[in-house]
Amino acid sequence: MSTLAPEPVPADAPHPLDPLTPAELATAAKVLRGDARVTEDARFWGVTLDEDHARRAAPGETRRARAVVICPSAHLAYEVGLELGDTPRSTAWRELDVRSPGCSSEEARQAAAACRADPRFQRALALRGIHDVSLVMVDPESIGGFEPPEYKGARLTWGSVWHRTSEDDNGYARPVQGVVPIIDMESMEILHIEDHGVVPLSQESGVFSTGVVPPRPGLRPLEVVQPEGPSFTVTGQRIDWQGWSVRVGFTHREGLVLHDLTFDAAAAAGDKGPRQVIRRAAVNEMYVPYFDTASTQYRKNFFDWGEYGAGPLTNSLALGCDCLGVIHYFDAAVLGGDGVPRVIPNAVCLHEEDDGILWKHHDGRTGRTEVRRSRRLIISAFATVANYDYGFYWSLYQDGSVMLEIKMTGILSATGVAEGEETPYARRVAPNVAVTNHQHFFSVRLDMAVDGPRNRLVEVTAEHETDPELDPYGNAARTMLRPILSEAEGARRTDPSRALHWRVESAEARNRMGEPTAYRVHLENTAVLPVREDSVCARRAPFVGRQLWATAYDPDRRFVAGEYPNQAEPGADGVHKWQEEDRSLDGTDLVLWATVGSHHFPRPEEWPVMPVARARLRLEPDGFFDRNPALDVPPPVSCHAPRPAAAGHGSGAPDHCCE
């Protein structure tokens, strides 16, 4: 009996996990528009690769996707399964509450235009001396938790309003306090204009563009030069560097995604080639609650990814500005709300950076110093959410460590205040301008795969010895290991007083000491909601109440706050609900949801544009290797020979020019 040889895979066929191409996005929109259920006025909220299928698919196999389409005239929305092969088709339709999908940039522009055209809105502005509405900015904001009961069931947003004195002005420096349009996002009708009273507008310029402020003198060029090129190689979406391999992905909801992180350390004794570390890593959600009773502030609590989407908000990056050195860029593509694919050139930046000392020892007896400099590979992207700008920097290190650094900058979301007005919940940053205390929570989803798919979570703390007979000197402390074996135990809090951190252990692999191979998880920045438990923000985002959640993998549970948080019943879906099923976490396909938090006390020095604030998460090998995996990093070629030993110890003279 003969067998047919498999069909060859086209050379240009995408890897199953590669992001959707503009052509695939256009195909998806065409299939949806061709279905009788989709109305002429249809709008779209993203098309995303079906990653669960992609992980099981062979190269060249028909790709699958999920799409969200909104049909305003039918008061319906759908989640649609798609096949994008030679004969593209829809495979499954699920009807959604029309309020569920997020708001696209195209819809936001329509809503802003509707406000400016509304006579009631124009009259409210005229009371404040604003007569040219073309210079008025309106940011449609999610209304979750504060829907007016008279508009129950409607897909709503509200508008925060800002004024510019010219086309080039910084409108975010002049909040129009007290004017709040309520907008029907299906009909683009202005349902109501709230007017809470006239507050004087700020007269101070907030422009900070080049040429407005005289440049600081004395800054000389600083060049990053790699005459032999970078140390990384890029093949399609795959990156290889210093033992690391990783694939760059991109989605409508999360933006930058990393797939299949593996590390191969030849210097680590007993190492056997590339080993799995993380199957998938991404910033899964961002939640930003504000803590003020002011009329334009109390509503502010945003799921920026679940209500808008990181993908369409991703910037195109510029060499010498966003990225410095020898750069490789990845473009990305998203489907606009109008159903037209849009390419984001230079959406993801890849580069190397010097990172100081990797390891060092100076032998005072011989005068010899061994020192190695650390280099890190950075994969980064920036997203702008109206006034705020967020940078996401994933760094891979030569010792097998991984770090996510989140950079927060842009313009603070301000409120207008009258002269002499008390601002107990905000900080004045300019005349008639104050900024509310608020927080930024980032849920980082980590699909772990430490030495394979079967992992478990262990909580690690330092505890003093309680038995005085075992501790006659009173200084003994144990390392306490607590396995987290089921989802009911999977909601964890940090505690720096006990040096608390977590280990993700392999359920199968062991190191030469007989311990499970593992990676350690550190949350360097955390925050706790300083509000009542019955508040809207506490009920809408229960995930921020814990710093780490652990669940078993489920392809249909993709987002920490639930699939569709926009105007959802507060707390109806999300990781806190999945935990109630109490599935086993003992040697399973483990998903971690780490909550990186930042409490923002505004400062005048952050106005009119904010210097970068940082928040971090780190993962480092913890028994994953048998010894230092970076022993094979060569010394810097620019280092001088060791100096002779000085008389005595600690002469203070550096031994190498590279230190």
Side-chain angles (χ1 to χ4, degrees), residues 14-22 24-25 46-49 51 54 105 224 226 229-242 244-262 278-284 286 304-305 308-336 341-353 376-385 389-397 402-410 442 444-447 612 617:
H15 184 278
L17 286 169
D18 281 358
L20 295 175
T21 65
E24 288 174 316
L25 294 172
V47 179
T48 300
L49 178 71
E51 291 183 12
S105 298
V224 177
Q226 292 180 275
S231 302
F232 57 77
T233 59
V234 179
T235 307
Q237 298 291 121
R238 173 175 166 158
I239 303 165
D240 290 279
W241 176 84
Q242 291 288 289
W244 280 106
S245 175
V246 59
R247 304 195 69 86
V248 174
F250 193 89
T251 73
H252 187 95
R253 181 85 163 251
E254 296 164 298
L256 173 62
V257 177
L258 302 183
H259 294 288
D260 295 338
L261 285 86
T262 66
I278 305 172
R279 191 178 66 180
R280 186 184 193 275
V283 177
N284 185 257
M286 177 165 60
D304 283 321
W305 285 189
Y308 304 102
L313 304 178
T314 296
N315 297 179
S316 290
L317 304 174
L319 180 63
C321 300
D322 299 288
C323 305
L324 195 63
V326 180
I327 306 300
H328 180 91
Y329 290 109
F330 297 87
D331 295 344
V334 295
L335 188 70
R342 180 166 63 88
V343 174
I344 307 171
N346 299 356
V348 177
C349 171
L350 173 68
H351 74 288
E352 295 175 285
E353 282 186 358
R376 61 181 178 177
L377 185 75
I378 301 179
I379 308 165
S380 63
F382 244 97
T384 298
V385 187
D389 298 79
Y390 299 94
F392 303 95
Y393 288 68
W394 289 95
S395 294
L396 307 180
Y397 294 85
V402 181
M403 183 176 73
L404 169 64
E405 181 175 63
I406 301 165
K407 299 183 180 182
M408 296 165 276
T409 181
F442 305 88
V444 184
R445 175 174 172 166
L446 300 166
D447 291 30
V612 163
L617 171 150

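Sequential numbering from 1 along the given sequence is applied to the chain's residues. For clarity, every value in this text was computed on a predicted model and none was experimentally measured.
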4.5 Å side-chain heavy-atom contact, Asp260 and Leu17: yes

Test log, rule side-chain contact (heavy atoms from CB on, under 4.5 Å), inputs Asp240 and Thr233: CA-CA 5 Å; Asp240 290 279; Thr233 59; 3.5 Å; yes

Candidate pair Asp447 and Ile278, rule side-chain contact (heavy atoms from CB on, under 4.5 Å), full reasoning: CA-CA 6 Å; Asp447 291 30; Ile278 305 172; 5.5 Å; no

Leu396 vs Val246 side-chain heavy atoms within contact, under 4.5 Å: yes

Heavy-atom pair with the smallest gap, counting every atom of Pro22 and Val343: CG-CG2, 3.6 Å

Minimal non-hydrogen separation, Leu258 against Leu256, with atom names: CD2-CD1, 4.2 Å

4.5 Å side-chain heavy-atom contact, Leu404 and Tyr393: no

Under 3.5 Å: donor-acceptor pair, side chain of Tyr329, backbone of Leu319: yes

Parallel, tilted or perpendicular, as decided by the 30° and 60° cut-offs, for the rings of Phe330 and His328: perpendicular

Side-chain (Asp322) to main-chain (Ala318) donor-acceptor, under 3.5 angstrom: yes

Contact check, side chains of Leu377 and Phe232, non-hydrogen atoms, under 4.5 Å: yes

Arg247 side chain near His15 side chain, heavy-atom distance below 4.5 Å: yes

Validation row: Val248, Ile239 side chains within 4.5 angstrom (heavy atoms): yes

Under 3.5 Å: donor-acceptor pair, side chain of Ser395, backbone of Ile378: no

From Arg376 atom CZ to Glu353 atom CD, the distance as rounded to the nearest 0.5 Å: 5.0 Å

Inter-residue atom distance His259.NE2 - Asp18.CG, 0.5 Å rounding: 8.5 Å

Pairwise distance CG(Leu317) to OG(Ser380) - rounded to 0.5 angstrom: 6.0 Å

Val402 side chain reached by Tyr397 side chain, heavy atoms, under 4.5 Å: no

Heavy-atom closest contact (Ala383 atom, Ala310 atom, distance): CB-O, 4.4 Å

Any donor-acceptor N/O pair, Glu352 side chain to Ser231 backbone, under 3.5 Å: yes

Expected output: side-chain Glu24 to main-chain Thr21 donor-acceptor under 3.5 Å: yes

Ser245-Arg238 side chain donor-acceptor pair, cut-off 3.5 Å: yes

Exam field: side chain Asp331 to backbone Asn346, donor-acceptor pair closer than 3.5 Å: yes

Shortest non-hydrogen separation from Thr262 to Trp244 and the atoms involved: O-CE3, 3.2 Å

Rounded distance (nearest 0.5 Å) linking atom NE2 of His351 with atom CD1 of Ile379: 11.0 Å

Thr384: which of Thr314, Asn315, Thr409 passes side chain to side chain donor-acceptor pair (under 3.5 Å): Asn315

Stepwise side-chain contact (heavy atoms from CB on, under 4.5 Å) check, Phe442 with Met408: CA-CA 11 Å; Phe442 305 88; Met408 296 165 276; 4.0 Å; yes

Any side-chain heavy-atom pair of Met286 and Val385 under 4.5 Å: yes

Arg280 with Glu51: basic N within carboxylate O range, under 4.0 Å: yes

Backbone of Val283 reached by a side-chain donor or acceptor of Trp305 within 3.5 Å: yes

From Leu446 atom CG to Leu261 atom CG, the distance as rounded to the nearest 0.5 Å: 9.5 Å

